[in-house]
Amino acid sequence: MPDSEPIFLLLPSILSLILFFILIKRKQRRYNLPPGNMGWPFLGETIGYLRPYSATSVGEFMHQHISRQAFKFHPFFFLSLLEKQNLSLSFELNSTFFRYGNIYKSNLFGEKTIVSADAGLNKFILQNEGRLFECSYPRSIGGILGKWSMLVLVGDMHRDMRMISLNFLSNARLRTHLLREVEKHTLLVLNTWKEKCIFSAQDEAKKFTFNLMAKNIMSMDPGHPETEQLKKEYVTFMKGVVSAPLNLPGTAYRKALQSRSTILKFIEKKMEVRIRKMKEGKENLEEDDLLEWVLKHSNLSTEQILDLILSLLFAGHETSSVAITLAIYFLPGCPLAIQQLREEHLEIARAKNQSGETELNWDDYKKMEFTQCVINETLRLGNVVRFLHRKALKDVRYKGYDIPCGWKVLPVIAAVHLDPCLFDRPQLFNPWRWQQNNGSRGAGTTTPSASSSNYFMPFGGGPRLCSGTELAKLELAVFIHHLVLNYQWELADTDEAFAFPFVDFPKGLPIRVFKS
């Protein structure tokens with residue numbers, strides 16, 4: 001009996017431990033998770049998810065995951081029925097028979113993830129930012145953009161940073177100062193194009209957006225040696241942002257971190273000069289830029305200002321340049337769209353000539369109605385921003401599925417924009433689908449329903465809606481205005497937009513131009 005005493009003493013602890021594990025198991029089992037495949041340990045399905053594919057599609061990986069199941073029963077049972085009836089059917093028996101629908105679970109970027117190609121869930125996620133979900137990008141993104149970058153910030157700090165950018169990009173400023181600047185920088189690029197010359201449309205678009213942002217963020221002039229040096233460092237920086245986050249000697253990521261350091265030192269020197277001028281009362285009225293505004297109207301620290309400026313340079317340059325390149329790529333395949341664009345912009349140009357004005361004004365911009373249809377269709381089909389990174393702050397239930405607290409959530413915007421249930425013939429570039437009253441030019445096409453338009457989110461949505469949305473649309477419209485009035489163009493080599501997952505043209509989209 002004495003020998004059994006230790007066992008009796010341990011029995012309550014053992015039973016408590018067993019009960020604890022039972023409760024844990026029950027808690028795990030109570031989740032009704034979407035179907036899916038967690039893939040390999042740690043890597044999960046990340047490699048397949050990030051495999052490059054045509055930007056006008058969702059890619060083979062997503063297509064295989066979100067398609068509906070081919071059969072309600074086991075395929076071998078289906079084959080046996082065919083054999084009994086002496087019938088034959090030629091198809092490949094593979095994983096495509098086991099697809100999951102528009103919401104599925106996976107393991108991506110080293111974390112348990114719910115992936116959504118569901119329009120309703122995507123909108124629900126973005127509208128509940130800060131309540132049920134919050135922004136949650138991989139650490140490598142924060143490491144290279146900075147911990148104070150608007151892309152990775154959450155809560156009050158993100159709201160404050162966003163308000164700074166919204167104030168700087170106010171409607172009043174867009175109507176006056178920024179409209180003039182956009183037109184000026186558009187013409188600086190287009191006026192260098194020579195008859196029948198071949199060049200990279202992507203490089204030209206990037207030159208335009210970089211010079212525009214550098215001027216309006218730090219009053220840096222195009223072509224100036226310091227501007228060109230900053231552009232060179234920025235190109236190296238961008239290659240690292242979109243590369244594998246391997247901080248090893250010689251890697252693109254390591255080089256990007258070094259370029260980031262160089263860029264921040266450059267910005268900090270600019271700050272020091274401005275602060276000294278402000279103290280001495282020697283302010284330059286021509287330096288009406290973001291840096292000046294932040295120094296005068298915010299209480300941000302030096303580190304916060306540096307990350308803010310770098311993140312806005314990144315956001316303002318990269319997305320707009322890709323969108324412009326996509327428009328140049330899509331339009332030659334739709335001659336009727338180019339014809340209607342020319343008619344719209346010739347009408348604006350004639351009115352300008354009659355009034356004796358040369359520069360575009362806000363009324364001219366508001367007349368570019370079909371141009372806005374082209375912009376919407378370019379963003380819908382090209383999907384510059386393909387998916388977003390979020391994390392569940394609480395257990396969430398949607399359409400009978402559970403999204404556990406702490407799991408990553410990826411709303412895939414591109415999948416919704418290319419959903420045939422929402423957009424008729426989604427792979428077709430059809431600007432007329434955005435017209436309120438479908439004209440004869442778009443015969444045989446349909447205007448998106450009100451519900452479809454509600455799910456069009458090229459700039460995100462909710463509290464994190466891109467603060468540069470209106471500037472991006474303005475850039476595209478003004479660039480298209482002068483492009484179609486002054487040039488015709490053709491693709492000089494076979495090239496297409498790929499998602500890496502960032503959108504890029506492998507050859508830079510070579511085009512040949514002819515003056516109109």
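Just so you know, these numbers come straight off a predicted model, no measurement behind them.
Using cut-offs of 30° and 60° for the angle between ring planes, the F133 and F124 rings count as perpendicular. Taking the six-membered ring where the residue is Trp, W434 and F423 present tilted rings, their angle falling between 30° and 60°.
Using a 4.0 Å cut-off between charged nitrogen and carboxylate oxygen, E60 and R51 do not count as a salt-bridge pair. For the pair R274 and E292, the salt-bridge criterion is met [side-chain N within less than 4.0 Å of a carboxylate O]. A salt bridge is defined here as a Lys NZ or Arg NE, NH1 or NH2 lying under 4.0 Å from an Asp or Glu carboxylate O, and E377 with R380 meets this definition. With respect to the salt-bridge test (charged N to carboxylate O, under 4.0 angstrom), the residues E496 and K507 do not qualify. Between K215 and D289, no side-chain nitrogen of the basic residue sits less than 4.0 Å from a carboxylate oxygen of the acidic one, so the salt-bridge criterion is not met.
The backbone N or O of D221 sits less than 3.5 Å from a side-chain atom of T227, completing a donor-acceptor pair. Put simply, the side chain of S261 never gets that close to the backbone of L257: no donor and acceptor are under 3.5 Å apart. For N216 (side chain) and M213 (main-chain N/O), no donor-acceptor pair under 3.5 Å exists by modelled atom type. The backbone N or O of V409 sits nowhere less than 3.5 Å from a side-chain atom of K391 that would complete a donor-acceptor pair. Using a distance-only test at 3.5 Å, with no hydrogens or angles considered, a donor-acceptor pair links the side chain of S200 to the main chain of G508. In this structure, the side chain of R173 does not engage the main chain of S170 through any donor-acceptor pair within 3.5 Å. When atom types are taken as modelled, the side chain of R386 and the backbone of F502 share no donor-acceptor pair closer than 3.5 angstrom. Between the N102 side chain and the D118 main chain, no donor and acceptor come within less than 3.5 Å of each other. Between the side chain of R162 and the main chain of L465, a donor-acceptor pair closer than 3.5 Å is present. Checked by atom type and distance alone, the side chain of Y137 never pairs as donor or acceptor with a backbone atom of L153 at under 3.5 Å.
Of all heavy-atom pairs between I198 and A492, the closest is CG2-CB, 3.7 Å. Taking both residues in full, the closest heavy atoms of A477 and H345 are given as O-CE1, 4.4 Å, listed atom of the first, atom of the second, then distance. In this structure, P463 and H158 approach most closely via the heavy-atom pair O-CE1, 4.2 Å. Nearest heavy atom pair, residue W489 against residue I328, reads NE1-O, 3.0 Å. Of all the heavy atoms in S467 and L166, the pair that sits closest is CB-CD2, 3.7 Å. Shortest non-hydrogen contact noted between C135 and V154 is O-CG1, 3.5 Å.
Enclosure of atom NE2 in H482 by more than 12 non-hydrogen atoms of other residues, nucleotides or ligands within 6.0 angstrom is indicated. When the shell of 6.0 Å around CD1 of I47 is examined, it contains 12 or fewer heavy atoms from other residues, nucleotides or ligands. The number of heavy-atom neighbours closer than 6.0 Å to CG of N299, taken from other residues, nucleotides and ligands shown, is 12 or below. At most 12 non-hydrogen atoms from other residues, nucleotides or ligands lie less than 6.0 angstrom from CH2 of W40.
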Query raised in the report: Could you go step by step and tell me if F387 and Y49 meet the ring pair (Phe, Tyr, Trp, His ring centres under 6.0 Å) rule?
Result: CA-CA 11 Å; F387 61 91; Y49 186 79; 5.3 Å; yes
Query raised in the report: Should L132 and L393 be marked as a side chain to side chain contact (heavy atoms under 4.5 Å, CB included) after you check the CA-CA gap, both sets of side-chain angles, and the distance that decides it?
Result: CA-CA 5 Å; L132 301 178; L393 296 174; 5.8 Å; no
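The side chain to side chain donor-acceptor pair (under 3.5 Å) analysis of residues 497-506, with sequence neighbours excluded, yields the pairs Q202-D504. Residue pairs meeting the salt bridge (Lys or Arg N to Asp or Glu O under 4.0 Å) criterion with at least one partner in residues 233-249, sequence neighbours excluded, do not occur; the list is empty. The stretch residues 104-115 participates, sequence neighbours left out, in these side chain to side chain donor-acceptor pair (under 3.5 Å) pairs: E45-S106. For the salt bridge (Lys or Arg N to Asp or Glu O under 4.0 Å) condition, the pairs that include at least one residue of residues 183-206, sequence neighbours left out, are E204-K207, K206-E318.
No hydrogens or angles considered: nothing links the side chains of T186 and H481 as a donor-acceptor pair under 3.5 Å. Between N486 and S516, the side chains place no donor N or O within less than 3.5 Å of an acceptor N or O (distance only, hydrogens not considered). Between the side chains of D307 and S149, not a single donor N or O lies within less than 3.5 Å of an accepting N or O. Counted by atom type alone, E344 and T371 present one or more donor-acceptor pairs between their side chains at under 3.5 Å. Under the 3.5 Å distance criterion, with hydrogens and angles disregarded, a donor-acceptor pair is assigned to the side chains of N383 and H417.
Separation of the F498 and F505 ring centroids does not fall under the 6.0 Å cut-off. The aromatic ring centres of F109 and H389 sit less than 6.0 Å apart. Between Y234 and H317, the distance from one ring center to the other falls under 6.0 angstrom. Ring-centre distance between W193 and F199: below the 6.0 Å cut-off. Outside the 6.0 Å centre-distance limit, the rings of F429 and Y329 are not counted as a close aromatic pair.
Not counting sequence neighbours, K367 has no partner by the salt bridge (charged side-chain N to carboxylate O under 4.0 Å, His left out) test. Residues satisfying the salt bridge (charged side-chain N to carboxylate O under 4.0 Å, His left out) criterion with E228, sequence neighbours excluded, are K231.
Just one residue in the list T378, L483, L341 forms a side-chain contact (heavy atoms from CB on, under 4.5 Å) with L331, and that residue is L341.
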